[in-house]
Amino acid sequence: MSHHYLTIENVDKLYHTAGGSTQVLKNVNLKVNKGEYISIIGHSGCGKSTVLNIVAGLTGASSGGVILDGAEVTAPGPERALVFQNHSLLPWLTVYENVALAVDKTFRHSKTRAERQDWILHNLALVNMSHALHKRPDEISGGMKQRVGIARALAMEPKVLLLDEPFGALDALTRAHLQDEVMRIQNELHNTVLMITHDVDEAVLLSDRIVMMTNGPAATIGEVLTIDLPRPRDRIALADNPRYNHYRHEVLRFLYEKQRKLEPLRPRREAQAPAAEAAGA
Ligand SMILES: Nc1ncnc2c1ncn2[C@@H]1O[C@H](COP(=O)(O)OP(=O)(O)OP(=O)(O)O)[C@@H](O)[C@H]1O
């Protein structure tokens with residue numbers, strides 16, 4: 001048996017639609033150690049969410065599979081918690097109740113009512129949301145909703161945390177603040193994390209390794225970059241760090257030179273502005 005905690009092995013994925021079938025993923029292989037923070041980056045539509053959904057057990061691989069802590073993934077389960085870009089809190093429940101729902105479900109047999117209550121409060125404190133326990137999602141900001149989503153995921157004590165562009169919908173300052181929070185929590189808890197991102201700086205700042213995917217169809221892992229920067233990491237100090245900038249450059253080079261995304265061809269006359277045509281574009 002593999003000594004890796006999470007193994008994605010020879011995963012192919014075909015989607016069958018009325019128009020025929022498309023091979024989205026081809027031969028995706030990745031081995032993740034316990035406590036590693038992995039980012040997956042690649043152009044839009046290459047298949048990042050499909051990889052994450054297969055690990056989550058939300059969709060099956062067409063061939064190959066996923067093994068987590070020695071067991072094959074065949075269905076969704078609480079040991080793989082997901083956080084999406086668009087907050088998935090239940091709007092009629094308070095912040096506390098949203099986390100309580102997951103905690104009560106996961107620990108109803110293993111923790112007493114009082115222990116569960118402490119655990120909910122503990123996880124909401126971890127993301128600095130203790131001040132808003134009784135607010136409903138429409139009474140808090142987007143960043144706060146993401147904090148609650150993260151608290152809910154952490155509170156399930158998952159074996160792997162699956163983050164699908166968790167900061168994607170946030171403004172730059174809120175995003176930076178939340179990235180710092182996630183780094184702080186990661187330094188404390190050492191979760192195993194798979195995170196999809198489109199943000200090169202975010203990937204370098206947060207990750208132990210960055211998995212770079214080729215363009216689809218039949219996308220696969222093109223390169224894996226190990227980020228050897230000491231933790232805790234400080235975004236301001238790193239801005240002038242040559243190694244940080246080297247990693248950034250490597251990811252940009254992969255995305256914009258090696259895997260340059262070509263826009264689909266459009267009819268020349270209608271699609272291009274006169275100025276662009278005059279410039280010979
Ligand atoms: N259920 C489905 N049925 C058919 N095709 C699908 C389905 N889900 C995804 N696809 C297609 O598979 C490809 C990969 O989609 P996926 O969402 O995994 O990409 P992605 O890299 O996460 O994209 P983005 O960065 O834009 O979120 C796309 O071409 C998409 O249209």
Side-chain angles (χ1 to χ4, degrees), residues 6 8-30 32 37-66 68 73-76 80-88 142 145-146 149-150 153 160-172 175 178-179 193-207 209-225 248 251-266:
L6 171 67
I8 302 175
E9 205 159 80
N10 300 329
V11 163
D12 286 2
K13 179 68 183 178
L14 284 89
Y15 282 119
H16 303 284
T17 55
S21 64
T22 316
Q23 177 147 22
V24 174
L25 300 175
K26 187 173 166 61
N27 207 20
V28 174
N29 283 284
L30 182 67
V32 180
Y37 199 115
I38 304 276
S39 288
I40 304 176
I41 201 163
H43 287 291
S44 185
C46 71
K48 301 178 295 295
S49 294
T50 303
V51 171
L52 214 69
N53 288 341
I54 291 171
V55 176
L58 291 171
T59 183
S62 303
S63 62
V66 174
L68 175 60
V73 170
T74 53
R80 284 159 282 125
L82 267 160
V83 179
F84 295 102
Q85 171 176 355
N86 293 319
H87 345 285
S88 44
K145 282 183 228 181
Q146 280 312 76
I150 292 167
V160 61
L161 200 54
L162 304 171
L163 310 177
D164 194 344
E165 288 189 63
F167 316 116
L170 306 175
D171 65 85
R175 170 186 277 244
L178 223 60
Q179 288 165 348
V193 183
L194 274 189
M195 176 182 80
I196 294 177
T197 181
H198 283 113
D199 181 329
V200 174
D201 284 295
E202 177 172 292
V204 178
L205 189 63
L206 268 62
S207 309
R209 284 190 291 154
I210 302 177
V211 169
M212 296 178 267
M213 289 187 63
T214 62
N215 293 335
T220 192
I221 293 173
E223 292 179 25
V224 179
L225 184 67
R248 249 187 120 250
V251 180
L252 288 170
R253 208 160 60 86
F254 179 87
L255 292 175
Y256 299 109
E257 287 178 14
K258 297 182 184 171
Q259 293 294 320
R260 195 157 64 94
K261 179 110 172 150
L262 298 172
E263 289 303 318
L265 289 173
R266 290 175 296 170

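Order of appearance sets the numbers: ligands from 1, and atoms from 1 within every ligand.
Counting heavy atoms from C-beta on, the side chains of Leu6 and Leu194 come closer than 4.5 Å. With a 4.5 Å cut-off on side-chain heavy atoms, Leu255 and Met212 do not count as touching. Residues Phe167 and Asp199 form no side-chain contact, since every pair of their non-hydrogen atoms from C-beta on lies 4.5 Å or further apart. Looking at heavy atoms from C-beta onward, Ile196 lies out of side-chain contact with Val51 at the 4.5 angstrom threshold. Looking at heavy atoms from C-beta onward, Asn27 lies in side-chain contact with Asp12 at the 4.5 angstrom threshold. Contact of the Arg175 side chain with the Glu202 side chain is registered, since non-hydrogen atoms from C-beta on lie closer than 4.5 Å.
Using modelled atom types, one side-chain atom of Lys13 and one backbone atom of Gly60 make a donor-acceptor pair closer than 3.5 Å.
A donor-acceptor pair shorter than 3.5 Å can be found between the side chains of Asp164 and Ser49. A donor and an acceptor atom, one from each side chain of Gln259 and His43, are nowhere located under 3.5 Å apart.
Looking only at protein heavy atoms, the nearest one to atom 23 (O) of ligand 1 is Gly45 N, 2.9 Å. Annotation: atom 10 (N) of ligand 1 to nearest protein heavy atom, Tyr15 CE1, 3.4 Å. For atom 19 (O) of ligand 1, the closest non-hydrogen atom on the protein side is Gly47 N, 3.2 Å. Nearest protein heavy-atom contact of atom 26 (O) of ligand 1 is Ser44 OG, 2.6 Å. Closest to atom 25 (O) of ligand 1, if we only count protein heavy atoms, is Lys48 NZ, 2.8 Å. Residue, atom and distance of the protein heavy atom nearest to atom 18 (O) of ligand 1 are Thr50 OG1, 2.5 Å.
With a 4.0 Å cut-off on non-hydrogen atoms, Val24 touches ligand 1 through its side chain and not its backbone.
Within the structure, the closest approach of His198 to ligand 1 falls below 4.0 Å when heavy atoms are considered. In this structure, Cys46 has a heavy atom closer than 4.0 Å to ligand 1.
Under the 4.0 angstrom criterion, atom 7 (C) of ligand 1 counts as having a protein heavy-atom contact. Distance screen at 4.0 Å: atom 31 (O) of ligand 1 has no protein heavy-atom neighbour inside the cut-off.
Within ligand 1, the atoms closer than 4.0 Å to a non-hydrogen atom of Ser49 are 17 (O), 18 (O), 20 (P), 22 (O), numbered from 1 in the order shown.
No N or O atom of Thr17 sits closer than 3.5 Å to an N or O atom of ligand 1.
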